[in-house]
Amino acid sequence: MPEPIPESPRDAGVHEGEPEELGQQETAHLIANDARDHLHGDGFSDAQIDTWAEAFVAEHGAGGTGEFVTWIARQEAGGGR
């Protein structure tokens, strides 16, 4: 699995949308917290992790930690542009 690099979703060309529903906001919070240690190890700040999680949930609705981290790497590699 490619490792993501610490940048904002905007820098990778991803819309920084926020989940619209309260349940989605909680999902984004949970995904961010589950991936936080891994992404901190890659150099991500808490703010970057939270913004990526919000964009992920706004686009996908939900997903697992591995799917989230892989999605970030794919977006940064141009897969989402």
Side-chain angles (χ1 to χ4, degrees):
M1 163 174 65
E3 292 298 322
I5 57 172
E7 65 180 358
S8 72
R10 183 179 332 122
D11 293 339
V14 176
H15 174 69
E16 291 184 0
E18 293 185 20
E20 295 180 12
E21 299 175 18
L22 183 58
Q24 287 182 320
Q25 292 172 358
E26 181 63 23
T27 298
H29 180 74
L30 292 172
I31 289 172
N33 283 342
D34 287 346
R36 201 167 301 280
D37 286 342
H38 179 106
L39 293 172
H40 277 162
D42 290 332
F44 282 76
S45 70
D46 285 327
Q48 288 171 319
I49 295 166
D50 294 339
T51 302
W52 275 110
E54 290 169 356
F56 176 77
V57 171
E59 185 173 313
H60 291 281
T65 304
E67 182 181 358
F68 171 52
V69 172
T70 300
W71 178 80
I72 294 171
R74 193 169 51 245
Q75 299 308 304
E76 291 177 334
R81 295 179 199 161

Taking every non-hydrogen atom, the tightest pair across [X] and [Y]:
X: Ala35; Y: Val69; result: CB-CG2, 4.2 Å
X: Ala28; Y: Ala53; result: O-CB, 3.4 Å
X: Phe44; Y: Ile72; result: CZ-CG2, 4.1 Å

>> Assess, by modelled atom type and distance only, whether the side chains of His29 and Asp50 contain a donor and an acceptor separated by less than 3.5 Å.
In response: no

>> What I'd like to find out is whether the side chain of Asp42 reaches to under 4.5 Å of the side chain of Leu39, using heavy atoms alone.
In response: yes

Rounded at 0.5 Å granularity, tell me how far [atom1] in [X] sits from [atom2] in [Y].
X: Ile49; Y: Phe68; atom1: CD1; atom2: CZ; value: 7.5 Å
X: Gln24; Y: Glu54; atom1: CD; atom2: CD; value: 11.0 Å
X: Glu67; Y: Phe56; atom1: CD; atom2: CZ; value: 4.0 Å

> Which residues satisfy the side chain to side chain contact (heavy atoms under 4.5 Å, CB included) test with Asp34, sequence neighbours excluded?
Replying inline: Thr65

